Amino acid sequence: MLGQIHIVMVNTTHSGNIGAAARAMKNMGLSRLTLVDPIAVIDEDAIQRSSGAADILQQVRIVPTLQEAIAGCGLVVGTSARSRHIPWPLMTPRECAAKAAQAIPAGNEVALVFGRESRGLTNEELHLCNAHVHIPTNPDFSSLNVAQAIQVLSYEMRLALVEGQVADDTGQWGVEWDYPLATHAELDGLFAHMEQAFIDTGFLDPNTPKQLMSRLRRLYQRAAPDKIEVNILRGMLAAMQNPRKQGESS
């Protein structure tokens with residue numbers, strides 16, 4: 001099950017942090033590392049800092065955008081050290097692991113997204129995530145190195161998925177779900193379809209969108225719709241866009 005967890009590092013600037021992240025992952029049994037538009041390269045420093053986890057560096061996936069990195073994932077969690085203008089669902093590392101333990105047995109891929117060494121993830125990148133995770137630290141010295149943050153989250157994932165130590169809320173719905181969660185790419189398709197439908201029907205003025213789509217993204221990602229539910233929603237949007245065709249078919 002640990003093989004369904006992707007560690008995603010965005011715009012990493014120091015090769016040593018990539019190597020240290022690989023070491024932290026291998027310590028806990030994780031192996032899938034994705035680099036999004038990295039500034040650093042995997043050099044000798046990265047290999048030395050990996051301390052025997054060179055196999056993870058050899059298999060690393062490099063992609064140009066975060067959207068591509070998380071496209072196939074049903075649960076995407078971004079690390080955030082501070083509150084944002086629009087509040088997003090926020091979890092502790094243990095709660096995050098519990099959500100992963102719930103999602104993975106149903107066949108979902110999980111992405112844990114880590115930002116830049118200097119400034120973390122942007123608001124736009126955080127809005128692509130279902131939820132955010134905050135590592136509680138000493139408020140007087142709260143800055144964590146990105147590899148340290150990866151170590152903390154990887155440890156919690158191992159506790160939940162290998163040792164069976166999870167928080168009390170893993171059974172959110174009380175039953176086993178019948179379909180896998182919609183992937184990030186499928187949700188992106190829904191949001192693009194939704195925005196166009198709202199423009200077509202006059203509900204949304206593209207010149208003054210305000211925060212409508214960001215808030216709707218938050219709503220639907222918080223609800224975590226499955227694949228069938230996304231298809232139903234897109235069918236409803238198509239009917240809104242073509243009311244005459246729907247009337248003729250009936």
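Bear in mind the structure is a predicted one, so any value in this text is a computation, not a measurement.
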Practice prompt. Measure the spacing between CD1 of I56 and CD1 of I42 and express it to the nearest 0.5 Å.
Written response: 11.0 Å
Worksheet entry | Interatomic distance, N145 atom CG to Q151 atom CD [nearest 0.5 angstrom] | 11.0 Å
Worksheet item: Which heavy-atom pair separates Y179 from D226 by the least distance, and what is that distance?
Response: O-CB, 3.7 Å
Discussion item. With a 3.5 Å distance limit and no angle check, can you tell me whether N130 reaches the backbone of V76 through a side-chain donor-acceptor pair?
Written reply: yes
Fill in: Any H134 side-chain heavy atom under 4.5 Å of T92 side chain
no
Worksheet item: How close do A147 and A24 get, heavy atom to heavy atom, and via which atoms?
Response: O-CB, 4.1 Å
Worksheet item: About how many Å separate CH2 of W88 and NE2 of H127, when rounded to the nearest 0.5 Å?
Response: 4.5 Å
Item to complete: Indicate yes or no: at least one non-hydrogen side-chain atom of L144 is less than 4.5 angstrom from one of I135.
Response: yes
Worksheet item: When hydrophobic residues are tied together by side-chain contacts of less than 4.5 Å, even through go-betweens, does I199 share a cluster with M194?
Response: yes
Worksheet item: Taking side chain as C-beta onward, heavy atoms only, is F198 less than 4.5 Å from M213?
Response: yes
Worksheet item: Is a side-chain donor-acceptor pair under 3.5 Å present for H184 with Q67?
Response: no
Item to complete: Answer yes or no: is there a side-chain heavy-atom contact under 4.5 Å between M28 and M157?
Response: no
Worksheet item: Without hydrogens or angle criteria, can the side chains of D43 and S15 be said to hold a donor-acceptor pair below 3.5 Å?
Response: yes
Fill in: Stepwise side chain to side chain contact (heavy atoms under 4.5 Å, CB included) test for V152 and Q148
CA-CA 6 Å; V152 171; Q148 292 176 315; 5.7 Å; no
Practice prompt. Among I70, V8, V36, find the one that has a side-chain contact (heavy atoms from CB on, under 4.5 Å) with V63.
Written response: V36
Item to complete: Determine whether I62 and I7 fall in the same hydrophobic cluster, where Ile, Leu, Val, Met, Phe, Trp and Tyr are linked whenever their side-chain heavy atoms lie under 4.5 Å apart.
Response: yes
Fill in: Shared hydrophobic cluster for I228 and V230 (ILVMFWY, side-chain gaps under 4.5 Å)
yes
Practice prompt. Side-chain contact test, heavy atoms from C-beta onward, threshold under 4.5 Å: evaluate it for S31 versus I5 and give yes or no.
Written response: no
Discussion item. Any side-chain to backbone donor/acceptor pair from S154 onto I150? Under 3.5 Å, distance only.
Written reply: yes
Worksheet item: Looking at I104, V162, V110, which one forms a side-chain contact (heavy atoms from CB on, under 4.5 Å) with L2?
Response: V162
Item to complete: Given side chain to side chain contact (heavy atoms under 4.5 Å, CB included), test H193 with Q241 step by step and report yes or no.
Response: CA-CA 10 Å; H193 192 171; Q241 290 173 293; 2.7 Å; yes
Item to complete: Treat each ILVMFWY residue as a node, draw an edge where side-chain heavy atoms are under 4.5 Å apart, and state whether M236 and L212 are in one component.
Response: yes
Practice prompt. Take E117 and N17, measure what side chain to side chain donor-acceptor pair (under 3.5 Å) needs, and give me the verdict at the end.
Written response: CA-CA 9 Å; E117 290 96 333; N17 283 334; 3.0 Å; yes
Worksheet item: If you measure from CG on L126 to CZ on R218, what distance do you get to the nearest 0.5 Å?
Response: 13.5 Å
Discussion item. Between I39 and V41, is there shared hydrophobic-cluster membership here, with clusters defined by ILVMFWY side-chain heavy atoms closer than 4.5 Å?
Written reply: no
Discussion item. Quick check for you: to the nearest 0.5 Å, what is the distance between R94 atom CZ and L159 atom CG?
Written reply: 5.5 Å
Discussion item. I'd like to know whether K99 forms a side chain to side chain contact (heavy atoms under 4.5 Å, CB included) with V77, so could you lay out the CA-CA distance, the side-chain angles of the two residues, the decisive distance to 0.1 Å, and finally the verdict.
Written reply: CA-CA 10 Å; K99 290 298 182 188; V77 182; over 6 Å; no
Item to complete: For residues K227 and T183, report the shortest heavy-atom separation together with the two atoms involved.
Response: NZ-CG2, 3.6 Å
Item to complete: Hey, could you give me the CG/OG1 distance between D205 and T208, rounded to the nearest 0.5 Å?
Response: 3.5 Å
Practice prompt. Answer yes or no: are there more than 12 heavy-atom neighbours, outside F191 itself, under 6.0 Å from its atom CZ?
Written response: yes
Practice prompt. Search all heavy atoms of L204 against all heavy atoms of P206 and return the closest pair with its distance.
Written response: O-CD, 3.4 Å
Worksheet entry | Side-chain donor-acceptor pair present, Q59, D55, cut-off under 3.5 Å | no
Worksheet item: Should we say atom CZ of R32 is surrounded by more than 12 heavy atoms from elsewhere, each under 6.0 Å from it?
Response: yes
Worksheet entry | Shortest non-hydrogen contact between V133 and C96, atoms and distance | CG2-CB, 4.1 Å
Worksheet entry | CA sep, side-chain torsions, deciding dist, call: T79, L112, side chain to side chain contact (heavy atoms under 4.5 Å, CB included) | CA-CA 7 Å; T79 52; L112 305 178; over 6 Å; no
Worksheet item: Quick one: are Q4 and C73 in side-chain contact, heavy atoms under 4.5 Å?
Response: no
Practice prompt. Indicate the atoms forming the closest heavy-atom contact of A101 with L161, along with that distance.
Written response: CA-CD2, 3.7 Å
Discussion item. Is the shortest side-chain heavy-atom distance between H6 and L30 below 4.5 Å?
Written reply: no
Practice prompt. Could you check if a side-chain atom of M9 sits within less than 4.5 angstrom of a side-chain atom of T34, using non-hydrogen atoms only?
Written response: no
Discussion item. Taking I47's backbone N and O only, do any of them form a donor-acceptor pair with S50's side chain (distance below 3.5 Å, no angle check)?
Written reply: yes
Worksheet item: Do NZ/NE/NH1/NH2 and the carboxylate oxygens of D37 and R116 come within less than 4.0 Å?
Response: no
Worksheet item: Does Q48 use its side chain to pair, donor to acceptor, with the backbone of D45 at less than 3.5 Å?
Response: no
